[in-house]
K.L.:
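Sending over a structure as structure tokens; questions will come in a sec.
Fair warning: this is a prediction, and the values are worked out from it, not measured in the lab. Chain A is the first sequence line, chain B the second, and so forth, proteins listed ahead of strands; every chain is numbered from 1.
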Amino acid sequence: MYGLYEYAWLILAAPLASFVVIVFGTRMADLWSRHHGQTAQDYAAYLREADPAFAAWEATRGAGGHAEQQHAAQAAGPAEGTAHVGHGGEAEHQEHHGDPYDDDPTVPYLTPWAKLSGYVGIVLMLFACLYSWLLLFASLGLLPGTPRLPEGGITLFSYTWGSDAAFQPYTIAFHLDNLALAMTVVVTTVSLLVQFYSQGYMASSAGYARFFAYLSLFAFSMLTIVFAANFLVIFVGWELVGLSSYLLIGFWINKRAKPAEERPAPASAALQAFVMNRIGDVGFILGIMILFATTGTFDFATLAGSGPHGVAQAFAGNQALLTLAMILVFCGAIGKSAQVPLHTWLPSAMEGPTPVSALIHAATMVAAGVYMVARTFALFSAAGPQAFGVVAWIGGITAIFAATIGLTQTDFKRVLAFSTISQLGYMFVGLGVAGTEIGPGAGMFHLFTHAFFKALLFLGAGSVLHALHHAMHREVQDMRLMGGLARFMPITAATWLIAGLSISGFPFLSGFYSKETLISLAFEHGDYALWAITLVTAGLTAFYMFRAFFLAFGGKGGALGGIWGGPYRGEGTPHESPVTMTLPLVILAVFSIFAGYWVGFFQYLDPHAPLLDLGKLFSDGLTWLGVALSLLGIAWAYVLYCAVGWERVHKVVEANAVLRFFHRLLLHRYYVDTLYDWIVRYVVLGLCHVAAAFDRFVVDGVVNGVASLVMELGSGLRRAETGKVQAYMTVFFGGIAVFAVVVFVLATLR
Amino acid sequence: MDLASLIFWIIAVVLVAAALVVVGQRNIVHSALALVVVFAMASGIFLLLNAEFIAIVQILIYAGAVTILILFALMLTRIAGQRVTNPNARPLAMAVALVVSALVGLGIIFAATVSQFAQSAPAAQLLQGTVCSLPSNNVIAIGQLLYSPSCYSYVLPFEIATVVLLVAIVGAIVISREEE
Amino acid sequence: MATGFKVADLYLLSPELSLTLLALVVIAVDLFVKRRAVTATVALVGLLVPAFFTISLILTNTGSARHAFFNMLVVDNYALFFKVVFLLIAAVMILSSYSYVSKYVRGAGEFYTLLLFSTTGMMLMASTGELISLYISLELTSFPLYVMAGLLRTDQRSAEAAVKYVLLGAMSSAILLYGLALLYGLTGTTDLLSIAGTFAKGLQDGNLLVIVADILILAGFGFKISAVPFHMWAPDIYEGAPTPATAFFSVGSKAAGFAGLLRIFFYGGLNLRDLPQLVVVVAIMAILTMTLGNVVAAVQANVKRMMAYSSIAQAGYLLVGFCASLATGRPEGNAAVLFFILVYVLTNLGAFAGIIALANATGGERIEDFRGLARREPLVSLGTALCLLSLAGIPPVAGFWSKVFLFSAAWSQGVEMNQPWLQWLVIIALLNSVVSLVYYGRIVKAMYFDAPPKEDRLSTPLGLSSSIVLATAALLVLIVVAQVVLNWALPAASMLFASAQGVLTALGH
Amino acid sequence: MGLTLTHFVVLGAVLFCIGLYGALTKRNAIAILMSIEIMLNAVNITLIAFSFFNHVKPYSNLLTGQIFAIFIITVAAAEAALALAMIIAIYRKRQTVDVGEIDMLKW
């Protein structure tokens, strides 16, 4: 009956299949063919011919590298100057910037097999995407002959490890319902577009095939979370997402840190993301364990049900523990969705390739936290208002916290990073204030619309970076080195503008519907403080988004009063990106406009929830208050960055002590990173020393004591093995005799 | 005391005495010769128990083949100038051995004397296959039991035993073959 | 009931029959073809024939036992399970021993022949329902082992191992025979089902001779499975024998020993009389075996000797499962034993393949020879390390799960059947598992964290590396399909009980 | 006083015991082998006695004990051949058959 739906596991299998095919198929073939045909030297020679940039870079590498080394030696000072040979590499490591090639250029980039692996990934993802859209339409009842999904969803796959009753909870189960389906559509669509886009973006980067393998793995991991039917599977997906994000953020493994721009090396950024997530995961695991220990099951449906294993019965009279458990579970979401105070990894994660950032921010990683809360919404409901309060307040604080930081950042991608954090905060506010009557709809709706325009923003940013990379032959992310790009790359600029308007909540674009709904929900719910926070954040969002837009694409003296074009502050001539990159932008722009018109979204997720009441939304004065604040933000951005110009703004800020203080504070992200640095350096390492001492003297003492006891005993006992065959026989029969005596005694005693 | 008992006691005493000579002698050849007596007396016990075929086999294989084999081995492993060819272990080891073997033997004897053996078969017939009545001739009976195709017979172990003998031949050859 | 011999009975015997023929073919090939590789290939490929027959028997298996040769051959789930295990052992052994055998062993062709004969004996032992055939099969299993121990070329230690093995083996079979004789005397028959019937009906409790017979039989099989105090042969023989032969002893002798032990104790209904005393003996044996094996293994420097003690310790764990089934009369413990045996066989073969690879390349077999092996031979090191971790019971490798099944079966049966001492047995086993980490960890540490004595690459022959890869892959696959194997092992173990139960029903109990 | 099963079983046990004592104390490997042969003979006597005194119908129709004894004789002979081959082999390598001296493998 649900035949069409029952094959939804194919969506999950497709990225896994492409991962396997790429890793074990094309990648192997690539390595083989390279080994037998094309050597690295051959490829370098080829590159010298084909890419003038490479030849130029190679020429500078010989001389420039040397110059840099001398420079480093000078920087290190006379005391260390003598040790220059030994530390040369390290110094160069520190000082290195502006390298056009972040990886070994002699490694071939785009072999035919690598190209094929890209196609494999894209084709399989296209299949998954189309299938998920088909299912979406079917579940909306738009497909004749196919029923809607039943309310509880259907089980796609279930494998219980062990038939013993003790193993019953340890089930690998996948489950499809409307919530999962909506998320699947987002994940597959964004993944598909990102993969398509990567064809262009990654064309000049080493490890093209590997990149596609990782992207597929990433999509698979996220889909595992989406389809998970119990905490066990969601946790596996959770960690897989962590792994694949680690691999992707650190994709340019050879790239160095850029201290001048406060940019860490990708490798350490990846590590930071991983560690931060682990901190959240500690809470997550503890929460799951409390739930499991009390109810004896991991299954979402069972937990939410009213049976003896449901939280309602199992935690009866122990509401506080359930609340604690759910807050701990939410800790996982804090880490994964980069909420305060575990948000610092997300800006650092910008060191990954930009398509990865788009994927992380729009669909796969940070969305996992929101999705998990939505998935366990019933449990949060059971836990009561305190749990929801924590969710909403963490979200609210994060929203305004990140938005204020976003005001001052100059790194193009980092602005977007903080905007993501802020928007995720919105989603948690939506989940926290919605209450049981609306369900997870509000938060998920914003996740849904946000996915498209945030992906668009990132891919647009990637397009800009790609263009500047080609124009200047080095990596440029500082917005102060851009400007007026709209004239050079109109498609990128236009789509970016749409996304910017959408995220700012400009009326009739998708962001408007989801965001204003959230804000008005906060008001209706009676959380006036949260309402105020979200309202102010909306204005701030509009401001920094358009600050970024004007700095990058517009500027004083451009067309339309500086909105379009303006003086370009970089070198070279940037060009519009290839069609592989602009096509996804256009598609995403369409989604950014229209995604908000799915008025039945709440009801789709939860049949008992009301429709999104557009009439009420438009007629409510509070809505227009929010819009007005957003427009004010846009206007203020226009005034500062088109009418006045950023240099003068900067001067004014520097001249005023109060403004300067806030600017510093925000520019340094409230010094949270510094604080963490300090904590790690002094508190954690201090504790580590204590732990090490404990380990050395107490734990090792006990272990070594036991071990030496065993050793002593063993050395004694091995002497029994004298090598004399008759001694063995004696022991053999002695054993029999002793056993016989024992048994006789026992038999007599009985 | 009837004749059978008399014969039993004579044989038993000789048997035990010869066995004690085997384990007591410090000359290995004397031990081997005493072993022949043990085998022969055991054969006598078999005769007493109506096992004529086994008695003959015992004489043929043990007293004949195995003893000869042992004597050959003794010749091949002779060590020049050695006076005591069959030394005993150290006294302490001997004492322990005595205790152990006495314990094992006494345990078995004690258990065997106080226990009862099954006197009746279970109600249901459990043996697979037809049990044919055996002729009174011991040799024919054993032949029938070893490889009769239609009556209950131990044909499978018999076949396995052939393989065991083959393995022993192959093994003995491989082990004793001079290094090529 | 079958009245006599039928040609169809040969079908039930076909795996063993074809294996014997294969052994003869191998000897003939070895006689006429000088190249050793041909002999090994013939042996390996020829194994497909018994494998085919075994699979065919499995496919035609209806779940109830099939009998032939007057119940001397029983083909049931249990027998089929062990047939598969033994064929697996033979195949992996041939695959992994070729390079070593052709280098260090005299009579390479005979080595394979003996291996195949021994495998035949093992298979017969698992599927016989009668004492005489059981004994003869046991000897067919053992004789080739005695010979294989002495096959190392120009090595005094190998010859010594062979002498010790054959003397101790003869002793143990004498004592086993005494036990079997007493069993026959007590019941008047050697047919295991009839014995079970007589035990159920014709004898009373408190019969000392029954206990003596039990102990003697236990001692005889205890020798095969190297249970303390009948274990003394194992370290010496393991150390002296050629390494592939050692591998074969460690898995073949043990698996066959357990096959026979379970068959005679449960199928033969020995568990029906005077249990408390018997269980005490087995429990003491289990504790001694685990503890001594692990403690002494921790101080060994020779890897083969260490593996001998390790295999003793593993026998101890197996005895825990055996003990649980014996005490509670429930098949779960035995099912876990079967699963454990399968995993143990694969793991030990994998670990020994690593040891053979090292011995093959360097001739060294001390732990210090393993230093830095990970850098000299990464693939083999990885496989060996995984196998060792599996032996230690580190999750998630199959060895961990086999221990989990075994201990949880013993634990839960102890709870259910109100036998709390079983839980203590499990606790002792767990403590022992911790101790075992010491020595397995030492090899892994030597392989991965110590500096290699030489910076070179060892080359591992294809057969060895493929067998280690196969064993390791099987271990990983077993994690997933553990349930499938258990679903097979449980009926197999139940069947042993079921037969005795069937006897009881037939007797109107 | 006629002969009973106990006579033979005790005789067998005594013989087994003597063989066992020999196996544990004689240091010549061949003597150990001879002792083991005595033990096996003891088992044979026991078996045949059981066979003779078997009152359990229908099993008493079969001469199972005698058959068993035949197999034991067969295997024991083969075992003796094998063991002697090994003893000779080690004699060739070490010039000794004293099991007290055959102790390279230990600890």
Side-chain angles (χ1 to χ4, degrees), chain B residues 1-2 4-5 8 12 15-16 19-20 22-23 28 31-32 35 38 42 45-46 49-51 54 57 61 65-66 69-70 73-74 76-77 85-89 94 97-98 100-101 104-105 108-109 112-113 118-121 131 134 141-142 145 152 154 157 161 164-165 168 171-172 175-176, chain D residues 1-3 6-11 13-22 24-28 30-31 33-35 37-38 41 44-45 48-49 52 55-59 61-63 66-67 69-71 73-75 77-78 80-82 84-89 91 95-98 100:
Chain B
M1 188 181 277
D2 56 15
S5 298
F8 170 80
L15 180 57
V16 171
L20 284 172
V22 172
V23 302
I28 186 90
S31 289
L35 190 63
V38 170
I45 296 279
F46 296 159
L49 291 167
N50 287 357
I54 303 192
V57 166
I61 293 182
V66 173
L69 203 62
I70 286 174
L74 287 177
L76 285 171
T77 60
T85 45
N86 190 15
N88 284 324
M94 287 180 72
L98 190 63
V100 166
S101 42
V104 170
I108 294 172
I109 290 170
T113 45
Q119 290 301 316
S120 63
V131 179
L134 293 171
I142 284 181
L145 270 177
Y152 192 89
Y154 296 89
V164 172
L165 289 178
I175 283 291
S176 52
Chain D
M1 181 192 108
L3 286 175
T6 315
H7 285 88
F8 292 95
V9 173
V10 171
L11 176 65
V14 168
L15 203 56
F16 189 87
C17 220
I18 295 171
L20 176 57
Y21 175 75
L24 296 184
T25 53
K26 306 312 282 187
R27 287 175 57 180
N28 189 320
I30 297 174
L33 200 66
M34 284 155 53
S35 304
E37 296 297 343
I38 294 180
N41 261 283
N44 278 348
I45 289 174
I48 291 168
F52 183 81
H55 299 303
V56 187
K57 301 257 179 244
Y59 313 133
N61 277 348
L62 303 166
L63 302 172
Q66 295 195 23
I67 299 286
I70 290 176
F71 282 111
I73 292 172
T74 316
V75 171
L82 211 51
L84 287 172
M86 283 164 183
I87 291 168
I88 289 169
Y91 173 77
Q95 306 302 320
T96 180
V97 287
D98 188 337

K.L.:
Which bit of B:I61 is near chain D, if near means a heavy-atom gap under 4.5 Å: side chain, backbone, both or neither?
P.N.:
side chain

K.L.:
State, yes or no, whether a side-chain contact exists between B:S5 and D:L3 at a heavy-atom distance under 4.5 Å.
P.N.:
yes

K.L.:
Which bit of B:A161 comes within less than 4.5 Å of chain D, counting heavy atoms only: side chain, backbone, both or neither?
P.N.:
side chain

K.L.:
Centre-to-centre under 6.0 Å for D:F8 and D:F52, is that the case here?
P.N.:
no

K.L.:
Can you tell which of D:I38, D:L62, D:V14, D:I67 has the highest number of heavy-atom pairs within less than 4.5 Å of chain B?
P.N.:
D:I67

K.L.:
Are B:I109 and D:V9 side-chain neighbours, meaning at least one heavy-atom pair lies under 4.5 Å?
P.N.:
no

K.L.:
Top residue by heavy-atom pair count (under 4.5 Å) with chain D, among B:G171, B:S31, B:A97?
P.N.:
B:A97

K.L.:
Considering only heavy atoms, which portion of B:L98 lies under 4.5 Å from any heavy atom of chain D: side chain, backbone, both, or neither?
P.N.:
both

K.L.:
At a 4.5 Å cut-off on heavy atoms, which part of D:T6 comes close to chain B: side chain, backbone, both, or neither?
P.N.:
side chain

K.L.:
Please assess B:N88 against D:T25 for the test side chain to side chain donor-acceptor pair (under 3.5 Å), listing each intermediate value before the final yes or no.
P.N.:
CA-CA 6 Å; B:N88 284 324; D:T25 53; 4.6 Å; no

K.L.:
Sort B:L76 into side chain, backbone, both or neither according to what part of it lies under 4.5 angstrom from a heavy atom of chain D.
P.N.:
both

K.L.:
Decide yes or no for B:V104 and D:L20: does some side-chain heavy atom of the first lie under 4.5 Å from some side-chain heavy atom of the second?
P.N.:
yes

K.L.:
Could you tell me which of B:A65, B:A51, B:A12 has the largest number of non-hydrogen atom pairs under 4.5 Å with chain D?
P.N.:
B:A51

K.L.:
Just so I understand: if I count every heavy-atom pair under 4.5 Å between each of D:V97, D:I30, D:L11, D:N41 and chain B, which residue has the most?
P.N.:
D:N41

K.L.:
Below 4.5 Å, heavy atoms only, C-beta onward: do D:T96 and D:Y91 meet side chain to side chain?
P.N.:
no

K.L.:
Under a 4.5 Å cut-off applied to non-hydrogen side-chain atoms, are B:V100 and D:Y21 in contact?
P.N.:
no

K.L.:
What option among B:P87, B:A172, B:A42, B:A168 has the most heavy-atom pairs under 4.5 Å with chain D?
P.N.:
B:P87

K.L.:
At what distance, to the nearest 0.5 angstrom, does CD1 of D:I87 lie from OG of B:S176?
P.N.:
12.5 Å

K.L.:
Using heavy-atom distances under 4.5 Å, tell me whether D:V56 contacts chain B through its side chain, its backbone, both, or neither.
P.N.:
both

K.L.:
Does B:F8 reach the side chain of B:I45, with side-chain heavy atoms less than 4.5 Å apart?
P.N.:
yes

K.L.:
Quick check on the interface: out of B:A118, B:A32, B:P157, who has the most heavy-atom pairs with chain D under 4.5 Å?
P.N.:
B:P157

K.L.:
Select, from B:I142, B:V164, B:V38, the one with the greatest count of heavy-atom pairs under 4.5 Å involving chain D.
P.N.:
B:I142

K.L.:
Among B:L69, B:I54, B:L49, single out the residue with the greatest number of heavy-atom pairs under 4.5 Å to chain D.
P.N.:
B:L49

K.L.:
Please classify the contact between D:L84 and chain B as side chain, backbone, both or neither, with a heavy-atom cut-off of under 4.5 Å.
P.N.:
side chain

K.L.:
Which atoms of D:F71 come close to chain B, meaning under 4.5 Å heavy atom to heavy atom: side chain ones, backbone ones, both, or neither?
P.N.:
side chain

K.L.:
Report the option among D:M86, D:M34, D:E37, D:H55 that has the most heavy-atom pairs separated by less than 4.5 Å from atoms of chain B.
P.N.:
D:M34

K.L.:
Measuring heavy-atom distances to chain B, does D:L15 have an atom under 4.5 Å in its side chain, in its backbone, in both, or in neither?
P.N.:
side chain

K.L.:
Under 4.5 Å heavy-atom distance to chain D, tell me which part of B:V16 shows up: side chain, backbone, both or neither.
P.N.:
both

K.L.:
For the atom pair CG (D:N44) and CD (D:Q66), what is the distance rounded to the nearest 0.5 Å?
P.N.:
10.5 Å

K.L.:
Within the distance-only criterion (no hydrogens, no angle test), does the side chain of D:K26 pair as donor or acceptor with the backbone N or O of D:S35 below 3.5 angstrom?
P.N.:
no

K.L.:
Say you draw a straight line from CD1 of B:I28 to CG of D:N28; how long is it, rounded to the nearest 0.5 Å?
P.N.:
4.0 Å

